[in-house]
Amino acid sequence: MSESRPRILVPGKINQRILDRLPEMFEIVRMERADAELVAPDMADVVGIAVSGRLPVDLMDAFPHLEIVANFGVGYDGVDVTRAAARGIVVTNTPDVLTEEVADTAIGLLINTLRLLPQAEQWLRQGRWIREGAFPLSPLSLRGRKIGLFGLGRIGLAIARRLEAFGVSIAYHTRTPREGPAFAYHSSLKGLAEAVDTLIVIVPSTSSTLKAVNADVLAALGPQGVLINVGRGSTVDEAALVAALQNGVIAGAGLDVFENEPHVPEALLALPNVSLLPHVASASVVTRNAMSDLVVDNLKAWFSTGEALTPVVETPFRRKG
């Protein structure tokens, strides 16, 4: 490794802005996909990885001099941070820069789901307004809704701020109560679902959140219930959700994330009471540029100052030497 040009691996696809900016300080090592079998002997001096999506443990372990993994996204469940921490590797993510965009999308998805706005647009585009008359009245409305937030981190708080402007009641569930917000706290997810009719999911993918939104939670929402998920698809039991929507256990759902992306169950696609997006909550040029810049700036800060800008809580390391 050249001291002046640390080598950074980029496995698979990543935002072009990252590739454009990395040469400001680094030598880029490209790999077609995140696969340890593609590691060549001349890659042994790689000291950093910039990754979007999953980073297999065996790929991370293939680099003995690895110091930092710069993850593109606020969620970093694709990186084994326990293994990284054990090796003294710092992992960074891109918080804050996408908070407002995701919160905006959550509100848009909520309104689309309640008022059937995508379906109404298709009614117009297909000429049905002329042929059949006015689009049917939406059975649901945001008026008088009781909103429950599963997760009240940066994005959850940003969603709550927006909801306050609509005059709806707000409650939340997290592992422990948050100091500051005056929203009603519920110590269990099912208890929250029983108290509200709209559940917005914005928690990371962890063992404790895996399929946390299950059949019991959905039943607790009730027949006027609506589920919105802008967190991770793994948090919702997708089969239970499909059954709840088909059988009138809840009234509707708006989803930006799915269990097996990009594959969406045909049963979900066939339902008239859902609004589905292809994981686009942070997908604006402005926000993705800001995320890309933070990926590169984390790498630059690590190798120039010895400290990353946004290390995840599990790896609060400083550079040695």
Side-chain angles (χ1 to χ4, degrees), residues 1-35 38-40 42-56 59-60 62-81 83-85 87-102 154-155 204 279-321:
M1 180 190 73
S2 167
E3 289 186 8
S4 60
R5 304 285 291 178
R7 302 187 80 201
I8 305 298
L9 175 73
V10 181
K13 296 180 180 179
I14 206 163
N15 191 284
Q16 183 61 40
R17 189 177 180 94
I18 294 173
L19 299 174
D20 292 342
R21 286 202 56 207
L22 279 175
E24 295 169 7
M25 184 172 174
F26 306 104
E27 178 185 340
I28 302 176
V29 178
R30 294 303 307 273
M31 185 180 283
E32 182 181 357
R33 61 185 182 276
D35 186 344
L38 300 179
V39 176
D42 64 357
M43 298 179 184
D45 58 353
V46 161
V47 289
I49 297 177
V51 65
S52 176
R54 183 172 174 268
L55 179 66
L59 180 57
M60 184 166 59
F63 302 101
H65 305 293
L66 185 63
E67 299 180 24
I68 180 171
V69 174
N71 179 72
F72 180 84
V74 66
Y76 51 94
D77 44 288
V79 181
D80 189 329
V81 290
R83 177 60 180 162
R87 288 189 54 193
I89 298 167
V90 69
V91 177
T92 68
N93 64 342
T94 59
D96 295 323
V97 293
L98 51 67
T99 296
E100 304 302 325
E101 201 79 78
V102 175
R154 293 182 181 90
I155 298 173
H279 202 154
V280 297
S282 66
S284 72
V285 171
V286 170
T287 294
R288 291 295 170 86
N289 281 349
M291 293 167 64
S292 299
D293 285 340
L294 189 50
V295 168
V296 176
D297 291 344
N298 264 302
L299 291 165
K300 293 178 76 171
W302 179 256
F303 289 103
S304 61
T305 71
E307 193 168 357
L309 299 176
T310 55
V312 302
V313 295
E314 296 91 339
T315 61
F317 306 137
R318 289 185 60 90
R319 194 177 185 218
K320 299 174 183 177

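Just so you know, these numbers use all the heavy atoms, side chains as well, and skip hydrogens, waters and symmetry mates.
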Completion exercise
Between Asp45 and His65 the two heavy atoms that sit nearest each other are CA-CD2, 4.3 Å
Practice task
Mark yes or no for whether Arg87, through its side chain, and Met60, through its backbone, hold a donor-acceptor pair below 3.5 Å.
Solution key: yes
Practice task
Return the set of residues passing side-chain hydrogen bond (donor to acceptor under 3.5 Å, both in side chains) with Asn15 (not counting sequence neighbours), or none when no residue passes.
Solution key: Ser292
Practice task
Keeping the roles fixed (side chain from Asn298, backbone from Leu309), state whether a donor-acceptor pair exists under 3.5 Å.
Solution key: yes
Problem - Spacing of CD belonging to Glu32 relative to NZ belonging to Lys13, to within rounding of 0.5 Å - result: 10.5 Å
Problem - Short side-chain to backbone donor-acceptor contact, Thr92 and Pro311, under 3.5 Å - result: no
Problem - Heavy-atom closest pair, residues Val10 and Arg30 - result: O-NE, 3.5 Å
Exercise for the section: Could you pull out all residues at least two apart from His279 that satisfy side chain to side chain contact (heavy atoms under 4.5 Å, CB included)? Expected result: Arg232, Asp256, Val257, Glu261
Exercise for the section: Report yes if the side chains of Met291 and Ile18 come closer than 4.5 Å at any heavy-atom pair, otherwise no. Expected result: no
Handout entry: From CA spacing to verdict: side chain to side chain contact (heavy atoms under 4.5 Å, CB included), Ile14, Val51
Key = CA-CA 7 Å; Ile14 206 163; Val51 65; 5.6 Å; no
Exercise for the section: Give, for atom CG of Leu9 and atom CZ of Phe63, the distance between the pair rounded to the nearest 0.5 Å. Expected result: 4.5 Å
Problem - Sidechain-backbone polar pair: Arg5 side chain, Phe26 backbone, donor-acceptor under 3.5 Å - result: yes
Exercise for the section: Indicate yes or no: at least one non-hydrogen side-chain atom of Val47 is less than 4.5 angstrom from one of Ile68. Expected result: no
Handout entry: Over all atoms of both residues, closest heavy-atom pair of Glu314 and Ala85
Key = O-CB, 3.7 Å
Practice task
Return the minimal non-hydrogen interatomic distance between Asn71 and Thr94, and the atom names on each side.
Solution key: O-CG2, 3.7 Å
Handout entry: Distance-minimising heavy-atom pair for Ala50 and Ile8
Key = N-CG2, 3.9 Å
Problem - Approximate separation, where rounding is to 0.5 Å, of Ile28 CD1 and Arg21 CZ - result: 11.5 Å
Practice task
Report yes or no: does Thr315 contribute a side-chain atom to a donor-acceptor pair with the main-chain N or O of Val91 at less than 3.5 Å?
Solution key: yes
Problem - Backbone N/O of Ser282 and side chain of Arg288: donor-acceptor pair under 3.5 Å - result: yes
Handout entry: Separation of Ile49 CD1 from Leu59 CG (nearest 0.5 Å)
Key = 5.0 Å
Practice task
Please tell me if the side chains of Asp35 and Pro56 come closer than 4.5 Å, counting only heavy atoms from C-beta onward.
Solution key: no
Practice task
Work out which heavy atom in Arg318 is nearest to a heavy atom in Thr305; give both atom names and the distance.
Solution key: NH2-O, 3.9 Å
Problem - Chi angles and distances behind the side chain to side chain contact (heavy atoms under 4.5 Å, CB included) call for Arg83, Ile89 - result: CA-CA 8 Å; Arg83 177 60 180 162; Ile89 298 167; over 6 Å; no
Completion exercise
Separation between NZ (Lys320) and CD (Glu67), nearest 0.5 Å, reads 10.0 Å
